[in-house]
Protein chains: 2
Amino acid sequence: MWLSIDPRSSVPIYQQIVDAVKERVAKGALASGARLPTIRELAVDLTINPNTIAKAYQELERAGVIEVIRGKGTFVCPPKPAVAAPPQMSALHELMTRLLVEAHHLGVTPEYVLATLQDMIDRWPAKKEEE
Amino acid sequence: MWLSIDPRSSVPIYQQIVDAVKERVAKGALASGARLPTIRELAVDLTINPNTIAKAYQELERAGVIEVIRGKGTFVCPPKPAVAAPPQMSALHELMTRLLVEAHHLGVTPEYVLATLQDMIDRWPAKKEEE
DNA sequence: CATTTGTACTATCACAACTAATACAAGTGA
DNA sequence: TCACTTGTATTAGTTGTGATAGTACAAATG
């Protein structure tokens, strides 16, 4: 299947699902319009409660990542138009601060972080260069 | 004072303390050798239970950020030597992935993330240029 | 040796995550 | 229209974590 969950992780199951779907969409592994498994299917597949899947899907819908249609299923939303600095930029800012703070305590220089991030972007699966 | 805690946050209090201290150390606001408040002082100051502070300090000690000495107090550890790629690099890798994934769903381009991070590094309080 | 500082332990409360079971609502498709 | 599929809602119960409270202990200071 396309999802692996660790029930023993301290990260809630529904959050793991949210993160996994977000990452797959961002990397292009789940294209716009793709259909996700139904709540009941996924529940059987991962042997977890349907309510937990439902919670994850609701979270993803609030984030604007998927669209949920009763009787049909759930689908990946079209990508947002690129924006320079959205109001939620502070969330990204916070992530970046945490990144630099963690790096500092691991003895990693900011320059190395920057270079590694650049490299990661270059290798990003959904790169548009070849389109 | 030097710490503000939000008891209503979903982030555990002890975690807020850990994050705040780590950030201050990384930014140079808490220099190596600086003495932190005693557990009991902080507990009174923040009107929270001493056990909670103790938990935060233990976590910080495990992370190698502070050194705890009975009868004396707790002190900021000397900085780690700069390293290219430590074994814990995967933790940073994960943070960077999350950063790029979140950016994608906010409609922010990787290039903008990179530029903002560069800017953030330039403005980092503990910059060594003027030494 | 009194004091200061951190450590350890046990009990208790509150809350969030998860499970479970059931009933309901809305759209599909013949 | 009607059986079916799909998501939604509700209620109840279990479990684990965070936090409080109180007490006792250990180690270094001066």
Side-chain angles (χ1 to χ4, degrees), chain A residues 1-22 25 30 32-77, chain B residues 1-22 25 30 32-77:
Chain A
M1 229 309 206
W2 57 285
L3 254 185
S4 72
I5 295 299
D6 179 10
R8 276 160 306 183
S9 165
S10 65
V11 179
I13 295 178
Y14 81 95
Q15 189 65 54
Q16 292 184 48
I17 298 174
V18 169
D19 292 342
V21 171
K22 272 189 168 182
V25 171
L30 277 176
S32 169
R35 186 176 191 273
L36 272 62
T38 69
I39 287 181
R40 289 168 175 80
E41 273 174 17
L42 244 194
V44 171
D45 227 64
L46 304 178
T47 54
I48 59 182
N49 197 283
N51 291 340
T52 304
I53 314 282
K55 185 169 185 181
Y57 278 14
Q58 283 164 356
E59 180 91 8
L60 283 165
E61 188 170 37
R62 268 196 293 121
V65 176
I66 64 176
E67 190 183 15
V68 138
I69 306 176
R70 262 200 287 224
K72 290 191 72 176
T74 73
F75 305 87
V76 176
C77 281
Chain B
M1 231 309 207
W2 57 284
L3 254 185
S4 72
I5 296 299
D6 178 10
R8 277 161 305 184
S9 165
S10 65
V11 179
I13 296 178
Y14 83 93
Q15 189 65 54
Q16 292 184 47
I17 298 175
V18 169
D19 292 343
V21 170
K22 271 188 169 182
V25 171
L30 276 176
S32 169
R35 186 175 192 275
L36 273 63
T38 70
I39 287 181
R40 289 168 174 82
E41 272 175 20
L42 245 194
V44 170
D45 227 63
L46 305 177
T47 53
I48 59 182
N49 196 283
N51 292 339
T52 305
I53 315 283
K55 186 171 184 178
Y57 277 15
Q58 283 165 357
E59 180 92 9
L60 283 165
E61 188 171 36
R62 267 196 294 121
V65 177
I66 64 176
E67 189 183 14
V68 137
I69 306 177
R70 262 199 288 224
K72 289 191 73 175
T74 73
F75 305 86
V76 176
C77 281

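A, B, ... follow the sequence lines: proteins, then strands. Residue 1 opens every chain. For clarity, every value in this text was computed on a predicted model and none was experimentally measured.
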Counting only non-hydrogen atoms, which of residues 10-20 of chain B are less than 4.0 Å from DNA chain D? B:Pro12, B:Ile13, B:Tyr14

Over how many whole Å does the gap from B:Gln58 atom CD to C:dG6 atom P extend? 11 Å

Given atom CD1 of A:Ile39 and atom P of C:dA21, what is their separation to the nearest angstrom? 18 Å

A:Leu30/A:Val65 under side-chain contact (heavy atoms from CB on, under 4.5 Å): CA gap, chis, key distance, verdict: CA-CA 11 Å; A:Leu30 277 176; A:Val65 176; over 6 Å; no

Ignoring hydrogens, what is the shortest heavy-atom contact between B:Glu41 and B:Thr38? Give both atom names and the distance. N-OG1, 3.0 Å

Need the bend value for the helix from C:dC1-D:dG30 to C:dA30-D:dT1: angle between end axes, 5 pairs each end, nearest 10°. 30°

To the nearest 0.5 angstrom, please state how far the CD1 atom of B:Ile5 sits from the CG atom of B:Leu46. 6.0 Å

Hey, what do you get for CD1 (B:Ile53) to CD1 (B:Ile39), rounding to the nearest 0.5 Å? 7.5 Å

Quick one: CG on B:Leu3 to CG on B:Asp45, what's the gap to the nearest 0.5 Å? 9.0 Å

If every non-hydrogen atom of B:Pro37 is compared with every non-hydrogen atom of B:Leu42, which pair is closest and at what distance? CB-CG, 4.0 Å

Backbone N or O of B:Lys72 within a donor-acceptor pair of the B:Arg35 side chain at under 3.5 Å? yes

Starting from P on C:dC18, measure out to CG on A:Leu42 and report it in whole angstrom. 15 Å

Name each donor-acceptor pair under 3.5 Å that joins a side chain in residues 9-16 of chain A to protein atoms two or more places apart or in another chain, with its distance.
residue: A:Ser9; atom: OG; partner: A:Val11; partner atom: N; Å: 2.9
residue: A:Gln15; atom: NE2; partner: A:Asp19; partner atom: OD1; Å: 3.2
residue: A:Gln16; atom: OE1; partner: A:Asp6; partner atom: N; Å: 3.0
residue: A:Gln16; atom: NE2; partner: A:Asp6; partner atom: O; Å: 2.9
residue: A:Gln16; atom: NE2; partner: A:Val11; partner atom: O; Å: 2.9

Between the protein and nucleotides 2-4 of chain C, are there any N/O to N/O pairs under 3.5 Å, and if so, what are the atom names and distances?
none

Shortest non-hydrogen contact from A:Asn49 to A:Ala43? C-CB, 4.3 Å

Pairwise side-chain contact, A:Phe75 with A:Leu36, heavy-atom cut-off 4.5 Å (strictly under): no

Pairs involving residues 51-61 of chain B, ordered by first then second residue, that meet salt bridge (Lys or Arg N to Asp or Glu O under 4.0 Å) (sequence neighbours left out): B:Glu59-B:Arg62

Measure the distance from CG on B:Asn49 to P on C:dA8 and round it to the nearest whole Å. 16 Å

Using whole Å, report how far CG of A:Asn51 lies from P of C:dA16. 17 Å

Contact boundaries of DNA chain D with chain B (under 4.0 Å, heavy atoms), 5' to 3'? D:dG18 to D:dT29

C:dT19, OP1 or OP2 - any side-chain N/O from A:Thr52 closer than 4.0 Å? yes

In whole Å, what is the span from the CG atom of B:Leu36 to the C1' atom of C:dG6? 13 Å

C:dA20 C1' sits how many Å from A:Lys55 NZ, rounded? 16 Å

Between SG of A:Cys77 and CG of A:Leu60, what distance do you get to the nearest 0.5 Å? 10.0 Å

Measure from CZ on A:Arg40 to P on C:dA23 and round the result to the nearest Å. 14 Å

